K.L.:
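Okay, handing you the structure first.
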Number of protein chains: 2
Amino acid sequence: MSEIRTPHKDAYGLILEAIDVGIYRPGDRLVESELAERFGVSRTPIREALQRLETQTLLIRDGRSLIVGALDHNQLSELYAVRAELEGLAARLAAQHGTPEEVRVLRKMISADRKLIDDPEALSLANRRFHKQIHLASHNRYLVQQLDLVHRTMALLATTSLAVEGRSQGALDEHDAIVTAIENGNGDAAYAALKKHISMAFETRLELDADQPEFSGSL
Amino acid sequence: MSEIRTPHKDAYGLILEAIDVGIYRPGDRLVESELAERFGVSRTPIREALQRLETQTLLIRDGRSLIVGALDHNQLSELYAVRAELEGLAARLAAQHGTPEEVRVLRKMISADRKLIDDPEALSLANRRFHKQIHLASHNRYLVQQLDLVHRTMALLATTSLAVEGRSQGALDEHDAIVTAIENGNGDAAYAALKKHISMAFETRLELDADQPEFSGSL
DNA sequence: CAAGCGTAGGTTGGCGACAACTTAAACGGA
DNA sequence: TCCGTTTAAGTTGTCGCCAACCTACGCTTG
């Protein structure tokens, strides 16, 4: 209750947030001393955080130093392939092992999210929570862990695919189909519905990237 | 060319190897100063390595210190569920995107491995290489990364499931079926064959654990 | 004799400093 | 003017030290 200014986020969270906010963009080089000064700590905790981020491939080595990872088209494609499979598995397991309480929470989320249909910002956050809830309902800690990694990697992408006009409605309908399958305990249907959902999201992102003026890819 | 004694493995690899060899067993507490003295380095690189191992959940926090992670029955079950899905995806992608050269290497591996049928030690190593080759043939770096993580987690298990009498022959036959499906470019068949293979391996491990006098789970 | 408190030992987290290395710039010579 | 060499600045890797904290043992007291 004492520290309001600094909620004691460690260097890991601080750097992650700095990347999220856009202070550091893909391709930027991260200098330890600079980060240390920015956050008012020594280089030691910075180094620990950087190493953690490196093992998660959010940062990649360029010679001796670290730069913020970038996702080119190939990487995006590969990432979505893995994500589709893992999310599909999560849905299947959620249908099989999810508790009634967990499933009801999912159902409630959809109802609540329909009211946010015009607020892309809030909808993006709600979307994360929805998927996270499915992950947890799978009751598989390794799956949760791996999906966390996937989602963190996707944080390297600036914009959310929900920003595309009209995508919100479709996404919510897909969410509905997923939850319905889970409610019915139909693992195969849940697996298929979530895979389809990820496929649509990927397709939307590709359209989004195609419209961008493209100032990526540079080193 | 100067250092033959130490092939410049960093602390990360050294600790990992120490766990593999059994110097440190699941549940053991890792003391930084002890590791530093053992490897003849300062605490700093040790700390970095420990943090990396912690992010991969090979080490887990017990209060303030780190202990080697252990896998109970539930964790093992969850881990194999994820592994089956990821390995299955790797096989599917290998069938779709694998180059003829990569596939031929897989075929050769099986022939070579049949000669090792009486050497569980060598066969275990060959088995790892075989699966790794499939991962690489998927041409999906994130899948490779995640499967690496899974396999490293399984390193916490002392014995290999290939140690079970008669399992070697069955495993090789399953490998054969997998490669055949990949050769035919049949993604669905490859997916199913590898999932089946992992399922059999899991079943074998359960039998193995059931026979063990069980001195795990403590602490 | 038991229980609670205090102290001492040990371990982790953080910091500043130094050495090794890489990169880049500047200077000199052809 | 261009290229090579030397030098200097900057950054990372490693180290030893100190403070905070947790634990466990021992002592004291009821």
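Note that this is a predicted model, so its numbers are computed, not measured. Throughout, protein chains are lettered first and strands after them, A, B, ... in sequence-line order, and every chain is numbered starting at 1.
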K.L.:
How far apart are the closest heavy atoms of L123(B) and D113(B), and which atoms are they?
P.N.:
CD1-O, 3.6 Å

K.L.:
Under a plain distance cut-off of 3.5 Å, with no hydrogens placed, do H97(A) and N140(A) share a side-chain donor-acceptor pair?
P.N.:
no

K.L.:
Rounding to an integer number of Å, can you tell me how far D62(A) CG sits from dG10(D) P?
P.N.:
20 Å

K.L.:
Check the distance between dT12(C)'s P and D10(A)'s CG and give it to me in whole angstrom.
P.N.:
19 Å

K.L.:
Considering only side-chain heavy atoms of P45(B), which listed nucleotide, dG13(D), dG16(C), dT14(D), is closest?
P.N.:
dT14(D)

K.L.:
For L30(A), which contact category applies under a 4.0 Å heavy-atom criterion: base, sugar-phosphate, or nothing?
P.N.:
sugar-phosphate

K.L.:
Tell me the closest heavy-atom pair linking E102(A) and L136(A), and the distance in Å.
P.N.:
OE2-O, 4.3 Å

K.L.:
Rounded to whole Å, please give me the gap between CD1 in I46(B) and P in dG16(D).
P.N.:
13 Å

K.L.:
I want to verify a distance call: between dC15(D), dT14(D), dG14(C), whose nearest atom is closest to the S42(B) side chain?
P.N.:
dC15(D)

K.L.:
Is R64(A) side chain donor-acceptor paired with the dG10(D) base, going by distance under 3.5 Å alone?
P.N.:
no

K.L.:
Expressed in angstrom and rounded to an integer, what is the separation of E37(A) atom CD from dC15(C) atom C1'?
P.N.:
15 Å

K.L.:
Is there a donor-acceptor contact under 3.5 Å linking the side chains of Q51(B) and Y12(B)?
P.N.:
no

K.L.:
Taking the side chain of V31(B) as its heavy atoms from C-beta onward, which of dT11(D), dT12(C), dG13(D) lies nearest to it?
P.N.:
dT12(C)

K.L.:
Among the nucleotides dC22(D), dG13(D), dT11(D), which one has an atom lying closest to any side-chain atom of R61(A)?
P.N.:
dG13(D)

K.L.:
Does R43(B) put a side-chain nitrogen or oxygen below 4.0 Å from OP1 or OP2 of dG16(D)?
P.N.:
no

K.L.:
Identify which nucleotide among dT12(C), dG14(C), dT12(D) has an atom closest to any side-chain atom of R47(B), counting heavy atoms from C-beta outward.
P.N.:
dG14(C)

K.L.:
Quick one: sort the H151(A) and H131(A) rings into parallel, tilted or perpendicular, breaks at 30° and 60°.
P.N.:
tilted

K.L.:
Find the distance R52(A):CZ to dG13(C):P and express it as a whole number of Å.
P.N.:
12 Å

K.L.:
In whole Å, I'd like the distance from the CZ atom of F39(B) to the P atom of dT14(D).
P.N.:
14 Å

K.L.:
Can you tell me how far P of dT12(D) sits from CZ of R29(A), to the nearest Å?
P.N.:
6 Å

K.L.:
Among dC15(D), dT12(D), dT12(C), which nucleotide has an atom closest to any side-chain atom of S65(A)?
P.N.:
dT12(D)

K.L.:
In whole angstrom, what separates E48(A)'s CD from dG13(C)'s C1'?
P.N.:
8 Å

K.L.:
Which listed nucleotide (dT14(D), dC22(D), dC15(C)) is nearest to the side chain of V41(A)?
P.N.:
dC15(C)

